[in-house]
Amino acid sequence: MWDLWSARPRGAQRGVGTRGAPARRGSGSGGVGRAAPGGGPAARAGGVRALGQRRRPDPAAAPVARAPGRRTPKMALEWLAVWSWSLDGLRDCIGTSIQSVRDCDTTAVVTVACLLVLFVWYCYHVGREQPRPYVSVNALMQGADANGLQNGFVYCQSPECVRCTHHEGLNQKLYHNLQEYAKRYSWSGMGRIHKGIREQGRYLSSRPSIQKPEVFFLPDLPTAPYFSRDAQKHDVELLERNFQTILCEFETLYKAFSNCSLPQGWKMNSTPSGEWVTFYLVNQGVCVPRNCRKCPRTYRLLGSLRTCIGNNVFGNACISVLSPGTVITEHYGPTNIRIRCHLGLKTPSGCELVVGGEPQCWAEGRCLLFDDSFLHTAFHEGSVEDGPRVVFMVDLWHPNVAAAERQALDFIFAPGR
């Protein structure tokens, strides 16, 4: 008979037959069965090596149809093999760890155990001292009206309020609040706040007259009278998309002015000339529930803003109305950690906002962002026929105030603290 092994070309010894004909089962090193008769040790060794190699297909050979379902048992076997190797590795790791503990010095083991106990005790101690819950903007407008409401406006009634009190002990109180926060949470990321509180007097007294916040100055923040829309792009776009919603609720509120001079919920502000009234939904971090019920959709919108300041005394949200002929006295805001956003609702001609000596005009349905810690003023020089200038005002976080700093400032300047 024809000797298949000796007559087959060298390529066939690797499991590939002559061109156009696949290798026979059991022949050559690519076969799985017994080696062909006459094959020596080299042939048998080649057959063993081929067990761990995949047969290279011949491009000219016709495709071989595979029975369905044969791949599934093979995949299952491979998965079981990998799983067994994982279990073996886990068992070796545990055994090595136990042996390492046995080989360790007794003093080192006791020291590690003591440190672990102290860590658990510390976690338990911190967990027990939960800080008082702060009302967020999303959870406001629940329960009865807030205490201290006069005509729907929240007036500060505490002589120790850090927002409204200016005395020598203010910095010590702020530093005490910072220490209390650090004990409950961490000092990590508190460098600028610590620096600002320790040197607050120098910062406020040495600031140029163009920017001089009245209560708290956070150092090393980029300063500019106006900010671009990209500073808080998400919230700006969300407010502008809901322009009609806010405008409709304002028009419903403003109809009450035909019945009386100052309807309930509105606050009259002092101005050299004209009238400036505001309708607060959130004032100094405190919700005005009665007003929020009158503007439910606008209130719900506040809960969708990512950077709205709602948990400290520097956060406000209100509708601001300037009548024709009104001029607001130049003044400074309380802090530089926020950006004040004005969404124009009604913007007749002759109205301007001047921040840091730079004038800007409002536009209906568009947001204007500025830093109110700069000296600023606003006026309405239009005629009575033009109607009032109306904006929806909301305070947003300065984009360069980090998340850890925001949490600490909410704690330090919490309403009533």
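- Summarising the local packing, CD of Q360 is surrounded by more than 12 heavy atoms from other residues, nucleotides or ligands at distances under 6.0 Å.
- Nearest heavy-atom pair, V401 versus L409, reported as atom, atom and distance to 0.1 Å: CG1-CD1, 4.3 Å.
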Verdict with supporting geometry, D235 and R306, salt bridge (charged side-chain N to carboxylate O under 4.0 Å, His left out): CA-CA 7 Å; D235 290 351; R306 295 177 181 175; 5.6 Å; no
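- F374 has its ring centre no less than 6.0 Å from the ring centre of Y332.
- With a 6.0 Å cutoff to the six-membered ring centre and a 45° limit on the axis angle, R338 does not count as a cation-pi contact of W397.
- The existence of a salt bridge linking D220 and R192 is excluded, since no basic side-chain nitrogen approaches an acidic carboxylate oxygen closer than 4.0 Å.
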In sequence, state the C-alpha distance, the side-chain angles, and the governing distance for D371 and S373, and then conclude on side chain to side chain donor-acceptor pair (under 3.5 Å). CA-CA 5 Å; D371 185 347; S373 65; 2.7 Å; yes
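- The pair E249-R297 meets the salt-bridge criterion, with a side-chain N (NZ, NE, NH1 or NH2) lying under 4.0 Å from an Asp/Glu carboxylate O.
- Residues F250 and F392 fail the side-chain proximity criterion, which asks for heavy atoms closer than 4.5 Å.
- Under the 6.0 Å cut-off for aromatic ring centres, F370 and F227 do not qualify, their centroids lying 6.0 Å or more apart.
- Put simply, the side chain of T326 never gets that close to the backbone of W276: no donor and acceptor are under 3.5 Å apart.
- Residues passing the salt bridge (charged side-chain N to carboxylate O under 4.0 Å, His left out) test with E199 are R202, sequence neighbours excluded.
- Here the closest heavy-atom approach between residue N291 and residue L281 is recorded as O-CD2, 3.7 Å.
- Comment: R389 does not engage E381 in a salt bridge, judged by the lack of any side-chain N to carboxylate O separation of less than 4.0 angstrom.
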Full working for side chain to side chain donor-acceptor pair (under 3.5 Å) between T278 and W266: CA-CA 6 Å; T278 49; W266 291 85; over 6 Å; no
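- The pair E251-K346 meets the salt-bridge criterion, with a side-chain N (NZ, NE, NH1 or NH2) lying under 4.0 Å from an Asp/Glu carboxylate O.
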